[in-house]
Amino acid sequence: MRYDLVIFDNDGVLVDSEPISNRALAACLTELGHPTTYEDSLRDYMGSAMHRVHDLVLERSGRRLPDDFDEIFHRRVFEEFRRRLQPVAGVAGVLAGLAAAGVPYCVASSGSHERIRVTLRTTGLYDHFGEERIFSSQDVGRGKPAPDLFLHASAEMGVPPERCAVVEDSPLGVRAAVAAGMDVYGFTALTPAAELAEATALFSSPAELPALLGHGHGHGHGDGRDRDAADRAV
């Protein structure tokens, strides 16, 4: 194995939450007079912490979102999660394979601690982690694309950044991993490959991950790249 720690993003990487979450976010913003499509939400907010939503809306409209916006949004999205959230197909096998090989892994997400736990428990993935391997942007001062969250996770897990691999599906997350000095593998199920071009390599199915994490040397662009990734449907 090339790495001493594998750091997984949560939304879109472990749990198939991005379509549910971004449709809910687009609806909430539109209802408040900030017209937002599902595609807009994916482009502008996927992979970011909630403070980025507030900042962008204020920057673009000159109006602040209501103080209870986060509470209303999370209540709506958690209801949807509990009703129909699924794990990303194949990712449980990847986690089991890492555990069997004795390779430590953790989750580092822009989502709140509550959101991470709701999604992992709903999808049956929580037992793969446990409390000591869950890290949130709430733990640090700045969320992605700042490197703080990934550096915090690697420090808590006792592994230097250069020995870590990050698995991400958002441009913000890829930028954060690169800024942290870590190799990063970009999941192209929902994000066009071109938007994850800074990644060490790209993959379109979790089945490709074990080979990417275990073989090859240094930073390369192409070995793990799926030429058709940009054309994949949600």
Side-chain angles (χ1 to χ4, degrees), residues 8-89 107-116 118-120 122-123 136-138 142-146 149 167-177 184 186-199 202 204 229-234:
F8 289 90
D9 177 42
N10 185 42
D11 294 291
V13 171
L14 297 176
V15 300
D16 193 18
S17 55
E18 295 291 16
I20 298 171
S21 181
N22 282 279
R23 285 192 176 93
L25 180 58
C28 285
L29 290 173
T30 299
E31 289 163 14
L32 288 170
H34 304 283
T36 306
T37 66
Y38 170 62
E39 291 76 17
D40 292 338
S41 186
L42 286 177
R43 182 193 66 232
D44 294 341
Y45 304 121
M46 183 171 147
S48 63
M50 288 302 292
H51 68 78
R52 178 180 166 86
V53 179
H54 288 262
D55 292 346
L56 276 181
V57 168
L58 178 60
E59 179 184 312
R60 291 171 174 176
S61 71
R63 291 184 289 135
R64 295 185 183 280
L65 289 171
D67 290 341
D68 61 352
F69 177 81
D70 291 13
E71 179 185 342
I72 292 169
F73 166 67
H74 283 126
R75 186 164 61 239
R76 182 182 298 192
V77 84
F78 288 172
E79 286 175 6
E80 288 295 304
F81 283 167
R82 291 187 175 102
R83 188 178 304 129
R84 57 196 183 96
L85 184 62
Q86 298 292 321
V88 169
V107 57
S109 171
S110 292
S112 66
H113 276 286
E114 181 186 13
R115 178 184 172 120
I116 299 167
V118 166
T119 56
L120 292 180
T122 299
T123 55
S136 163
S137 61
Q138 289 181 311
R142 299 178 299 167
K144 305 169 188 178
L149 176 56
V167 184
E168 264 287 356
D169 72 326
S170 76
L172 291 173
V174 167
R175 283 165 53 198
V184 54
F187 186 28
T188 58
L190 206 57
T191 306
E195 295 183 20
L196 302 178
E198 292 180 73
L202 304 182
S204 61
D231 299 322
R232 284 173 57 87
V234 171

Residues forming a side-chain hydrogen bond (donor to acceptor under 3.5 Å, both in side chains) with Ser137, sequence neighbours excluded: none
message: Test of understanding: with side chain to side chain contact (heavy atoms under 4.5 Å, CB included), list the residues that count as partners of Ala176, not counting sequence neighbours.
response: Lys144, Phe150
- request: Only counting residues at least two apart or in another chain, list the ones meeting ring-ring contact (aromatic ring centres under 6.0 Å, His included) with Phe73.
  value: none
query: For Arg64, what residues pass the salt bridge (charged side-chain N to carboxylate O under 4.0 Å, His left out) criterion, not counting sequence neighbours?
result: none
His34 backbone acceptor or donor facing Thr36 side chain under 3.5 Å: yes
- prompt: Partners of His51 by ring-ring contact (aromatic ring centres under 6.0 Å, His included), sequence neighbours excluded?
  reply: none
- prompt: Any sub-3.5 Å donor-acceptor pair from Thr119's side-chain atoms to Ile116's backbone N or O?
  reply: yes
Salt bridge (Lys or Arg N to Asp or Glu O under 4.0 Å) contacts in which one or both residues fall within residues 188-197, not counting sequence neighbours: none
Please set out all donor-acceptor pairs under 3.5 angstrom arising from side-chain atoms of residues 42-49, sequence neighbours excluded.
residue, atom, partner, partner atom, Å
Arg43, NH1, Asp40, OD1, 3.3
Asp44, OD2, Arg60, NH1, 2.8
Asp44, OD2, Arg60, NH2, 3.4
Ser48, OG, Tyr45, O, 2.6

message: The criterion is ring-ring contact (aromatic ring centres under 6.0 Å, His included); which residues satisfy it with Phe81, sequence neighbours excluded?
response: none
task: Among residues two or more places apart or on two chains, list those pairs meeting salt bridge (Lys or Arg N to Asp or Glu O under 4.0 Å) that have a residue in residues 68-82.
output: Glu31-Arg76, Glu71-Arg75, Glu80-Arg83, Glu80-Arg84
query: Under the side-chain hydrogen bond (donor to acceptor under 3.5 Å, both in side chains) test, which residues partner Ser41, sequence neighbours left out?
result: Asn22
- request: Please test Leu25 against Val53 for side-chain contact (heavy atoms from CB on, under 4.5 Å), starting from the C-alpha separation and ending with a verdict.
  value: CA-CA 9 Å; Leu25 180 58; Val53 179; 4.2 Å; yes
- prompt: Should Val15 and Val88 count as side-chain neighbours, where that means a heavy-atom distance under 4.5 Å?
  reply: no
query: Side chains of Leu29 and Leu65: closer than 4.5 Å at any heavy-atom pair?
result: yes
- request: Say whether Asp169 and Thr191, considering side chains only, have a donor N or O and an acceptor N or O under 3.5 Å apart.
  value: no
field: Which residues share a side-chain hydrogen bond (donor to acceptor under 3.5 Å, both in side chains) with Ser136, sequence neighbours left out
entry: none
- request: Check whether the side chains of Ser21 and Asp11 place a donor and an acceptor atom closer than 3.5 Å, and report yes or no.
  value: no
field: Min side-chain heavy-atom separation Ser110-Asn10 under 4.5 Å
entry: no
message: Could you work out, with side chain to side chain contact (heavy atoms under 4.5 Å, CB included) as the rule, every residue matching Ser112, not counting sequence neighbours?
response: Glu114, Arg115, Gln138
- prompt: Does Ser61 reach the side chain of Leu58, with side-chain heavy atoms less than 4.5 Å apart?
  reply: no
message: Between Thr188 and Leu196, does the side-chain contact (heavy atoms from CB on, under 4.5 Å) criterion hold? Intermediate values first, please.
response: CA-CA 8 Å; Thr188 58; Leu196 302 178; 4.1 Å; yes
message: Are Phe69 and His54 packed together at the side-chain level, in the sense that at least one heavy-atom pair is separated by less than 4.5 angstrom?
response: yes
